[in-house]
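Right, one structure below, let's go through it.
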Amino acid sequence: MKEIEIENELRRVVRRLFLEKRIDIFIGFEDSLNGVRPCFIKSVDEVDRLVWNKFCKNNLALYLLRFDCRVGIVAKGCDEGAIIELIKENQISRENLYIIGIPCNGIYSEDNKIYSVCKTCTRRNPLIADIIIGELVDEKDMTFDDLKEIEDMPIKDRFRFWIREFENCILCYACRNICPLCYCNECYLDRRDLIDLRERNLSDKIFFHLSRAIHLAGRCIECGECERACPMNIKLGKLFRKISKEVWELFEYKPGIGIEDKNPLITFDPKRDEEL
Amino acid sequence: MREDIRIVGFLCNWCSYAGADLAGVSRLEYPANLRIIRVMCSSRVDPIFVLKAFKEGADGVLVAGCRLGECHYIEGNFYTRRRFSMLKRILEYVGIEKERLRVEWISSSEGERFRSIIEEMTSEIKKLGKLNLDKYEGN
Amino acid sequence: MERKIKKEEIGKFLRRLSEKYEVIIPTEFNDSFEFRVINRNKNEIADGIEKFSNSKIPPKKFLIPESEIAFEFSEIDGNAIIKEINIDKRERIIFGIRPCDVNAILLLDIVKKEKPKDLSYFKRRERTLLFSLECNTLCKNSFCTSLGTGPFIESGADLRFTDIGDYYLVKALTDNGEKFLNFPEFENADKKDKILRDKMVKNIDTKIIGHEEISEKLEEIDEEYWDSIATRCIECYICTLLCPTCYCFNVFDTLSVFGNSGHRIIFQDSCMSRDFSRLAGGENPRRERRERLRNRIYHKLKYFVDRYGRLGCTGCGRCVSLCPVGIDMREFIFE
């Protein structure tokens, strides 16, 4: 199916959902002067605003927590992964949700380059969607070869590399706020005894990113939103993919797949853990 | 500029802290670089505590709990083990040597072992040098 | 006086300046340009400046640092002693600053002049010379042509550089700038060069929208529209931290462990933060995201006009291109 056909089909399905009164609001994408952006459809007359193409970069699961009604959502693989994690953590309920899954072949930036996290994505097809639009695509094998470059550096170079990255951070909090899984109302990163906005030291920036990384271990679904949102182009994708890699290698677990799966960091298995 | 390295130790109340106590009572001498913070269980230690310690100028962090299976809260240190093996790998990935974070299981009768661990750790970290996250010198 | 300088000579000119001044130029870094102090030992001064459109971090950071110590205080024998902090003494030249950012600095001048005058700002400002570089191509998402803040500039900067092919046409816009034109790298400009620039100015179609018009239209926006935009907003601080005209700050006193000395820090703050307008006791006049977002837009497009008769936005387009969820300043101005 071509993009335009998917788009038409999407509009048709959403229109029907509104007419059958199955949803109160629909979260999708619309066009704007500056590319595609998220939009919220409230009635059937607005459905024609919806678009679908390969530039729909945002992870819409972020917005699910902002509505307390029956919501419809269009979801790529990574959006759906985030939805699964949110359901697991009791943030949203599946009953109030209508998921339109669209198999995804990768998202492109405005200059028509595929985003780096999409190159290694292994979560392209919808798993829990109510309806799937478009043909399923082939899943790639899981690989972490893209991290080799950094992992093979001597430790001093690695430190230098990350310091160079983190020192550009302006502590704008975009990576935290755009993350669909950073939903805490009271976040420790807003505590000024932990992150000191007064002096904006390098150590604060390192702390910011490392502590976020450890918080998202076993939860990060590698949608790459943090890297895309970062105004200073910090290679956050490389940090968070490393976490996914470790979770996979240590516990053979991948978040965002099964609703029944348990995050390995909130459980344990004495036998298996002996080699840790 | 401070000369000596600093190690922050998070010791569990029931075993490791008692172990450190035993080392003291038995008049065992160990390097004075360790600053001890007592916690009720090693699983009380959030990885963020460790990162904060590094941020505030610690050169090494020790997290110590009861021996596995002997936790006062039955299973606390099993969580600790998973959590910190994860953190260690992340630290190593960003170029902070994994020797700087040490997770040990020390029971309350192991005063001698406590001493040897601290000695070992101190000498290891002295070799690595200080960790200064605030100012990075070099190219 | 108008003169010109060969493009190859620019590096030499800047190096000569850096003997006496602290010269700040856009340097290429991670696929984009940022303003940095020149490293005199390096040869690649002003390389690739052709590719430079604008920096992500606005050059206001050299006038309003992210954080600075205002003064130190201590108590000795019951007397309070205040020690002022000396600000970097060297004179600075910001080369390559774009017209929109020059206009932004002029706006900051107006704001900071209000009582109480921001002394540390003016200490820096008085020592800073602006060598503006006019834009040959418009940046993506910029709308300076509609606000009259670019891509050309007639006043505000000290020197004005215009790219006219192999040469930069240089004009001094202030007396301070005049003296630099005697440098040996400059040649006399003839009429042809001036005509080249005039042609460029004519080719850009500017449709300047009146300030009053914008601020009046702003009030017609209904609640529903604000709601829909606020639902999309993720309240990060990108738009405020990287805005060339945002100047909100916070003040904090830090005490030493013994409580008898300390220092006062002034640091950049963002009105998009929930804590920004929170009062003692927890009351918050702008508790909702929508209220904070509206405040930001109103401040730029209305409060500025009401107080100073100018828009608080220079149309540089930074907030538009960098917003991760596509909140667009242009919508408030044009629609």
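Lettering follows sequence order; numbering is per chain, from 1. Side-chain atoms are counted along with the backbone in the values below, which use heavy atoms only and exclude waters and symmetry mates.
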key: Shortest non-hydrogen contact from C/I234 toward A/Y63   = CG2-OH, 4.3 Å
request  = Would you indicate whether A/F55, at its atom CZ, is surrounded by more than 12 heavy atoms from other residues, nucleotides or ligands within a distance under 6.0 Å?
outcome  = yes
task = Check whether A/I27 gets within reach of chain C through its side chain, its backbone, both or neither, counting any heavy atom under 4.5 Å.
result = neither
query = Based on non-hydrogen pairs under 4.5 Å, which of C/V325, C/I265, C/D328 is most in contact with chain A?
reply = C/V325
Heavy-atom contact with chain C under 4.5 Å, split by part of A/E110 = side chain
message = Once rounded to the nearest 0.5 Å, what's the spacing between atom NZ of C/K140 and atom CG of A/L33?
response = 11.0 Å
task = For residues A/A174 and C/I238, report the shortest heavy-atom separation together with the two atoms involved.
result = CB-CD1, 3.6 Å
request  = Count the heavy atoms belonging to other residues, nucleotides or ligands that lie under 6.0 Å from CD of C/E223, then report whether that count exceeds 12.
outcome  = yes
request  = Find out whether C/I327 and A/R37 are in side-chain contact, i.e. whether some heavy atom of one side chain is under 4.5 Å from a heavy atom of the other.
outcome  = no
key: Enclosure of A/N185 CG (heavy-atom neighbours >12, cutoff 6.0 Å)   = no
Side-chain (A/N34) to main-chain (C/C323) donor-acceptor, under 3.5 angstrom = no
ask   = Who among C/C233, C/S270, C/C239, C/S32 has the most heavy-atom pairs with chain A under 4.5 Å?
value = C/C233
Point-to-point distance, once rounded to the nearest 0.5 Å, from CG of A/N168 to CD of C/E34 = 8.0 Å
ask   = For atom CD of C/E84, is the number of surrounding heavy atoms from other residues, nucleotides or ligands below 6.0 Å larger than 12?
value = no
request  = Kindly indicate, with the supporting measurements, whether the criterion side-chain contact (heavy atoms from CB on, under 4.5 Å) is fulfilled by A/L197 and C/Q268.
outcome  = CA-CA 8 Å; A/L197 285 185; C/Q268 232 182 28; over 6 Å; no
Minimum-distance pair of heavy atoms, taken over all atoms of A/P231 and C/L242 = CB-CD1, 3.9 Å
task = Quick one: closest heavy-atom pair of C/S67 and A/E199, and the distance?
result = OG-CA, 3.6 Å
query = What do you reckon, is CG of C/D253 surrounded by more than 12 foreign heavy atoms closer than 6.0 Å?
reply = yes
message = Just verifying a value: how many Å separate C/S228 OG and A/K42 NZ, rounded to the nearest 0.5 Å?
response = 6.0 Å
request  = State the CZ-CG distance between A/R198 and C/N250, to the nearest 0.5 angstrom.
outcome  = 9.0 Å
ask   = Can you tell me how far the CZ atom of C/F267 sits from the CG atom of A/D196, to the nearest 0.5 Å?
value = 7.5 Å
ask   = Got a sec: does the CZ of C/F252 have more than 12 other heavy atoms crowding it under 6.0 Å?
value = no
note = Interface check, chain A: of C/V320, C/T231, C/I57, C/D275, most non-hydrogen pairs under 4.5 Å belong to C/T231
ask   = Atom CD1 of A/I170 and atom OH of C/Y237: how far apart are they, to the nearest 0.5 Å?
value = 11.5 Å
query = Which bit of C/R318 comes within less than 4.5 Å of chain A, counting heavy atoms only: side chain, backbone, both or neither?
reply = neither
task = Could you go through the side-chain contact (heavy atoms from CB on, under 4.5 Å) check for A/R66 and C/R232 one step at a time?
result = CA-CA 10 Å; A/R66 300 193 177 173; C/R232 195 166 349 110; 5.9 Å; no
